[in-house]
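Note that these values count all heavy atoms, side chains included, but never hydrogens, waters or copies made by symmetry. The chain is numbered in sequence order, starting from 1.
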Amino acid sequence: MIKAYLCGEQTDWDLGCLAGVYRATPNESTKLTPNLLVMGREVRLPAELVFRSKTAHDGPEITAYGDYVDQLRQKMQHAHEVARRRLASGARRSKEVYDTTISVNRYKVGDLVWFLLETRQVGQYQKLMHLYEGPYLIIKKYSELNFLHG
């Protein structure tokens, strides 16, 4: 986004307008804007000011400071609850997609396996080293991930 905004000019880094646009754009995961989550309301955009569009005033008129604080707190708590629900839903969806792509090998006693060498040796190029060692015969299974080999 910054690259598109600068248009090749990397000397003037006044990104206030870009930050304002970012804060007024709904987040992909929460579907809410950063302005709403941080300030409890949307900020009027320059076009709304120029064309005199009025934003809807929801709720009764506020006459006391305490009433304003209470209403703002309620709005922000509701917005944060909605954001949490949407983030949890997105996380579940991402997990389901991830779980469909993974494959788990089920080894049993008597299987031949190759052992992945994850250690690096000083002075040797990783690209030129063997990645696996073996084959090894599984002698005992302690769990799904731990085995005794021979």
I would like to know whether V82 and T30 meet side-chain contact (heavy atoms from CB on, under 4.5 Å); could you show each step before the answer? CA-CA 8 Å; V82 169; T30 63; over 6 Å; no
Look at atom CG of L145 and say whether more than 12 heavy atoms of other residues, nucleotides or ligands are closer to it than 6.0 Å.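 It does not: L145 CG has 12 such atoms or fewer within range.
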Greater than 12 external heavy atoms within 6.0 Å of E28's CD: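 Open: at most 12 neighbouring heavy atoms sit under 6.0 Å from CD of E28.
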As an exercise, state the distance from [atom1] of [X] to [atom2] of [Y], rounded to the nearest 0.5 Å.
X: T33; Y: M39; atom1: OG1; atom2: CE; answer: 7.5 Å
X: K141; Y: N146; atom1: NZ; atom2: CG; answer: 11.0 Å
X: L87; Y: K31; atom1: CG; atom2: NZ; answer: 10.0 Å

Could you state whether L72 and L37 fall into the same hydrophobic cluster, counting links through intermediate Ile, Leu, Val, Met, Phe, Trp or Tyr residues with side-chain heavy atoms under 4.5 angstrom apart?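 No; L37 is not reachable from L72 via cluster members.
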Is there a path from V113 to L117 through hydrophobic residues (I, L, V, M, F, W, Y) whose side chains come within less than 4.5 Å of each other?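 Yes; L117 is reachable from V113 via cluster members.
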Just grab all the side chain to side chain donor-acceptor pair (under 3.5 Å) pairs involving residues 107-119, residues at least two apart or on different chains.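 As it turns out, the side chain to side chain donor-acceptor pair (under 3.5 Å) pairs with a partner in residues 107-119, which skip direct neighbours, are N105-Y107.
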Among R73, K75, H80, whose side chain to side chain contact (heavy atoms under 4.5 Å, CB included) with Q77 holds?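 Testing each of R73, K75, H80 against Q77, the sole residue satisfying side chain to side chain contact (heavy atoms under 4.5 Å, CB included) is R73.
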Any heavy-atom pair between the side chains of [Y] and [X] that's under 4.5 Å?
X: L32; Y: N27; value: no
X: R106; Y: E144; value: yes
X: V38; Y: R23; value: no

Check whether S94 reaches the backbone of G90 with its side chain - one donor and one acceptor, N or O, closer than 3.5 Å.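 Yes, because the side chain of S94 sits within donor-acceptor range (under 3.5 Å) of the backbone of G90.
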Mind checking ring pair (Phe, Tyr, Trp, His ring centres under 6.0 Å) for Y136 and listing every partner two or more places apart, or none if nothing turns up?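 Once residues adjacent in sequence are excluded, the partners of Y136 under the ring pair (Phe, Tyr, Trp, His ring centres under 6.0 Å) criterion are H149.
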